[in-house]
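Whatever order the structure lists them in is the order used to number ligands and atoms, beginning at 1. In what follows, every heavy atom counts, from backbone to side chain, and hydrogens, waters and symmetry copies are set aside.
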Amino acid sequence: MIAPDLENINVTSFAAMPTPADLHAKLPLTDAASATVTKGREDLRNILDRKDQRLFVVVGPCSIHDPVAGLDYARRLKALQEEVKDTMLLVMRVYFEKPRTTTGWKGYINDPFMDDSFRVDVGMEKARQFLLDVCELGLPTATEALDPISPQYLGDLIAWTAIGARTTESQTHREMSSGLSTPVGFKNGTDGDISIAINAILSAANPHAFLGINGQGNVSVVRTRGNAYGHVVLRGGDGRPNYDSVSVTIAEQSLAKARLPANIVVDCSHANSYKKPELQPLVMTDVINQIVHGNKSLVGVMVESNIEAGNQKIPADLSELKYGCSVTDACIDWDTTVTMLRAADAELRRRP
Ligand SMILES: O=C[C@H](O)[C@H](O)COP(=O)(O)O
Ligand SMILES: C=C(OP(=O)(O)O)C(=O)O
């Protein structure tokens, strides 16, 4: 009897990846990078524990697609960090994995050549190199953890992790978060529902056992301790912002009801600015006002910023790509970023 084809009917190929251990051996963590990650995570934990009064600011491109422009941005941000370090901890957005509403370019790891060749092996290596370069500058990094395997390759170079609006309700992402070594910000859902983020914090704070891989690439049962540093990220939803003081108070009440610490981050982008980048500074100003007027739950903000303003479609001829301009969500430009962060610094110096 001929065995019927029942498996992998819709799979066209498998391509083996180097193991996480292989990639760590090829691009090892350096002392300088290690010091940045350690300090960045410690600073973030201290902010979340209220031992450090500064505001953390996750700021940078919507996605990295050009490491040269990305590093140019990182150098600028590092210089700005020195200026505002008394009031803010700047953490660079280094997003390599993009969750799409339907379809589209899924990020630098998935398709580093942006030509549908999907060289994930190359993307993972380039992503690790980029993170190393940024950490060696002394700038801590933030990323969205989307693929549950990627943290084994990159996790030692990340200081803050986001779980996105499209995956906060996913058990897989809650399990992964329970084992991540960084504080994790859970976004509210795309419909604005914050209860899924609160449930995610509760779930991820607990130990879990689930399928994953180890450093040698073996499929493993991963057992975790639970992550005590989950917090909510308000990103607006269903066409409505949720950064205003009423929405923040409602989020505080929901956290209190769940007996969770009142730690809230506001994403100035996405539905909080109707995806209009020029509105991000207004959101930031509002958040800073709330803090200066005594709010104690707002611990961080997120800003989508790049060298150039706006965004661009990925052209068929990649030589036509505009330098330093997003290929995913539209961003504010560098000058606006500097003005916005300097203004926030000046205001925060007045806080009670
Ligand atoms: O931040 C990025 C986007 O908002 C998210 O990945 C969804 O993008 P899309 O709606 O363009 O697919
Ligand atoms: C995808 C992102 O955000 P959200 O999950 O809030 O849509 C993002 O910050 O890149």
Among all protein heavy atoms in this structure, tell me which lies nearest to atom 2 (C) of ligand 1, with the distance rounded to 0.1 Å.
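Checking every protein heavy atom, the shortest distance to atom 2 (C) of ligand 1 gives D329 OD2, 3.2 Å.
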
Which residue owns the protein heavy atom closest to atom 11 (O) of ligand 1, what's the atom, and how far is it?
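Checked against all protein heavy atoms, atom 11 (O) of ligand 1 sits closest to R100 NH2, 3.0 Å.
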
Hey, looking at atom 4 (P) of ligand 2, which of R100, K275, K187 has the closest heavy atom?
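It is K187 whose heavy atom sits nearest to atom 4 (P) of ligand 2.
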
Minimum distance, heavy atoms only, to atom 10 (O) of ligand 2: which one of E144, E97, K98 is it?
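Among E144, E97, K98, the closest heavy atom to atom 10 (O) of ligand 2 belongs to K98.
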
Can a side-chain donor-acceptor contact be found between N263 and R50 if the only test is distance below 3.5 angstrom?
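On atom types as modelled, these side chains qualify, holding a pair under 3.5 Å.
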
Just jot down the ligand 2 atoms closer than 4.0 angstrom to any heavy atom of [X], in number order.
X    : answer
R166 : 4 (P), 5 (O), 7 (O)
Y95  : 8 (C), 9 (O), 10 (O)
H270 : 2 (C), 3 (O), 7 (O), 8 (C), 9 (O), 10 (O)
G164 : 5 (O)

For ligand 2, which part of R93 has a heavy atom less than 4.0 Å away: the side chain, the backbone, both, or neither?
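Within the 4.0 Å criterion, R93 contacts ligand 2 through side-chain atoms alone.
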
Just to be sure I read this right, does ligand 2 sit under 4.0 Å from the backbone of P99, its side chain, both, or neither, counting only heavy atoms?
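The side chain, only.
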
CD (Q171) with more than 12 external heavy atoms under 6.0 Å
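No, because the 6.0 Å sphere around CD of Q171 holds 12 heavy atoms or fewer from other groups.
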
Which residue, I264, D286, V287, forms the side chain to side chain contact (heavy atoms under 4.5 Å, CB included) with V248?
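Exactly one option meets the side chain to side chain contact (heavy atoms under 4.5 Å, CB included) with V248, and it is I264.
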
Among T182, D49, T161, whose side chain to side chain donor-acceptor pair (under 3.5 Å) with Y229 holds?
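Exactly one option meets the side chain to side chain donor-acceptor pair (under 3.5 Å) with Y229, and it is D49.
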
Taking N272 for its side chain and L234 for its backbone only, find out whether a donor-acceptor pair lies under 3.5 Å.
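Yes: the side chain of N272 pairs with the backbone of L234.
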
Checking N227 side chain against S177 main chain: does a donor-acceptor pair fall under 3.5 Å?
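Between the backbone of S177 and the side chain of N227 there is a qualifying donor-acceptor contact (under 3.5 Å).
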
Short N-O contact, [X] and [Y], less than 4.0 angstrom:
X    : Y    : answer
R45  : E42  : no
D72  : R76  : yes
D133 : K126 : no

Check each atom of ligand 1 against the heavy atoms of [X] and keep those under 4.0 Å away; list them by number with element.
X    : answer
C62  : 1 (O), 2 (C)
T101 : 7 (C), 9 (P), 10 (O), 12 (O)
K275 : 3 (C), 4 (O)

Please check whether P99 reaches ligand 1 - meaning an N/O of the residue sits under 3.5 Å from an N/O of the ligand, judged on distance alone.
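Yes.
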
Looking only at distance, does H270 have an N or O less than 3.5 Å from an N or O of ligand 1?
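There is such a contact, yes.
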
Does any non-hydrogen side-chain atom of I47 lie less than 4.5 Å from one of L89?
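The answer is yes, as the side chains (C-beta and beyond) meet within the 4.5 Å cut-off.
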
Less than 4.5 Å apart, any side-chain heavy atom of Q216 and any of T19?
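Heavy-atom side-chain distance check fails, nothing below 4.5 Å.
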
Would you say ligand 2 has an N or O under 3.5 Å from any N or O of [X]?
X    : result
D267 : no
R235 : yes
A165 : yes

